Amino acid sequence: MKKFTLDDLRAARPAGRKLAMLTCYDYSTARLMEEVGIQLLLVGDSAANVILGYPTTLPISLEFMVEITRAVRAGAPSAYIVGDMPFGSYHASMGQAVRNVCRMVQQTGCDCVKLEVSSRQTELVQRLTDAGVGIMAHLGLRPQSVAVLGGYKTQGRTQRDMEEIVSQAVQYEKAGAVSLLLEAVPPEVSQAVVENVKIPVIGCGAGPACDGHVVVMHDILKLSPRSPKFAPQIANVGDAIKTAFAEYKNMIETGAYPGKEHVYSML
Ligand code: KIV
C-alpha cells in the first residue's frame, strides 16, 4: 500500500477530499485499519481511559505511549501516524519537551506528534518545527487541561471564545504546526478556523468544515460504556465479543472443547 504522507494530507482540502482518522492503540487493530485504508491513525492519550481504565488522561506515562505508538506503526506501515504526548511530558522546560518529543519520533517511527497547546506554547512548537518534527496542535477542548477548563466542556461557544480559538490557530500555523486538531467546538468555530488557516484541520466533534475527522475507535464500536454524541454508532463489537467469550466458556463447561482437532498427537 502506498504510504500516506504529509503532502497527501495537505492535498485533501484543495482536492475536496475528506480524511478518516481513528484512534488506535495496538498492532492487531492497526493492521485492520491499514487493510481498509484508514489514512490517519492517532495513538491518543485516550489510551489512559479505554486501555488502562483511568477516569482522565492525566496518569498515562510517556513510556506507555511510546510503546503503543511503536506497535501501531508496526501494524500500519502506510498510515500517517500521529503520536500523542502525555500530560507533563512537555511542560517542565524547553529541553525536556524537545528531548521527549524527539524520543517519541525516534523510538516509534510516527509521522507527527500531537501537543495539547495553550495560547503560550507557540515558541515550543517553533522549536520543535526547527528540530524537524511535524507538530499537530490540539486546540478547543484539551482534556489534559481539565483542571483549568473546569470540566470536559464544549469550547468556543461565544463570539469572544471563537475569536480566541481562531487567533490561536493562526498563531500555531505561523509557528510551523503542520496541522491542527480541533476538539469539541461548534461548527461555526471550525468553519472560521478552516477559513483562516491553510494547514489541514482535523475535527473531533467539531462539525463538517474540517478536512478530516477523528473519533475514539471504542466509541464507534460500542466498546465504551458511554460515547460522546458526535461519535457515530457503527457496529456493536462489544456484544459480538461478549457472545464469543460466553460461547468459549460454554464449550469448556460442556466438554465440547478441547476436541480431537485441538490436541497434539504423540510421536
Ligand atoms: O487522545 C485522544 O484520543 C485525542 C482525541 C480524542 C482527539 O486526543
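Predicted model, so just to flag it, every value in this text is computed and none were measured. As the structure lists them, so they are numbered: ligands from 1, and atoms in each ligand from 1. One-based numbering along the sequence shown.
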Trainee: Go through the side-chain N and O atoms of S46 and N49 and say whether any donor and acceptor fall under 3.5 Å apart.
Mentor: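 Short answer, no.
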Trainee: Should the proximity of T57 to ligand 1, defined as any heavy atom under 4.0 Å, be assigned to the side chain, the backbone, both, or neither?
Mentor: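 Contact part for T57 vs ligand 1: neither.
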Trainee: In the protein, which heavy atom is nearest to atom 6 (C) of ligand 1, and how far is it?
Mentor: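 For this ligand atom, the closest protein heavy atom is C204 SG, 3.8 Å.
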Trainee: Looking only at side chains, do Q39 and D8 share a donor and an acceptor under 3.5 Å apart?
Mentor: no
Trainee: Any side-chain heavy atom of V237 within less than 4.5 Å of one from K222?
Mentor: no
Trainee: Can you list the ligand 1 atoms lying under 4.0 Å from a non-hydrogen atom of G44?
Mentor: 1 (O), 2 (C), 3 (O)
Trainee: Indicate yes or no: does an N/O atom of Y25 lie under 3.5 Å from an N/O atom of ligand 1?
Mentor: no
Trainee: Hey, which atoms in ligand 1 end up nearer than 4.0 Å to a heavy atom of D84?
Mentor: 1 (O)
Trainee: Look at the rings of Y248 and Y257 and say which category their plane angle falls in: under 30° parallel, 30 to 60° tilted, over 60° perpendicular.
Mentor: tilted
Trainee: Determine whether a donor-acceptor pair (N or O, by modelled atom type, separation under 3.5 Å) exists between the side chain of E173 and the backbone of K198.
Mentor: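 It does hold such a pair.
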Trainee: If you have a sec, work out which protein heavy atom is nearest atom 8 (O) of ligand 1 and how many Å separate them, to one decimal?
Mentor: K114 NZ, 3.1 Å
Trainee: Mind checking whether V148 and L115 sit in one hydrophobic cluster, side chains of I, L, V, M, F, W, Y counted as touching below 4.5 Å?
Mentor: no
Trainee: Please confirm whether T23 comes within less than 3.5 Å of ligand 1 when only nitrogen or oxygen atoms on both sides are compared.
Mentor: no
Trainee: Note the single closest protein heavy atom to atom 5 (C) of ligand 1, along with its residue, its atom name and the distance in Å.
Mentor: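 Atom 5 (C) of ligand 1 sits closest to the protein heavy atom L42 CD2, 3.7 Å.
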Trainee: Which protein heavy atom lies closest to atom 2 (C) of ligand 1, and at what distance to 0.1 Å?
Mentor: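 Result for atom 2 (C) of ligand 1: S46 OG, 3.3 Å.
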Trainee: Using a strict 4.0 Å cut-off to heavy atoms of L181, name the atoms of ligand 1 that fall inside it.
Mentor: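 Taking each heavy atom of L181 in turn, ligand 1 has 7 (C) under 4.0 Å.
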Trainee: Considering only heavy atoms, does E116 approach ligand 1 within less than 4.0 Å through its side chain, its backbone, both, or neither?
Mentor: neither
Trainee: Quick one, E67 with R70, criterion salt bridge (Lys or Arg N to Asp or Glu O under 4.0 Å). Give me CA distance, side-chain angles, the key distance, then yes/no.
Mentor: CA-CA 5 Å; E67 194 60 30; R70 186 207 55 74; 3.4 Å; yes
Trainee: Any chance you could lay out the salt bridge (Lys or Arg N to Asp or Glu O under 4.0 Å) test for D130 and R127, step after step, and finish with the verdict?
Mentor: CA-CA 5 Å; D130 290 347; R127 214 30 201 276; over 6 Å; no
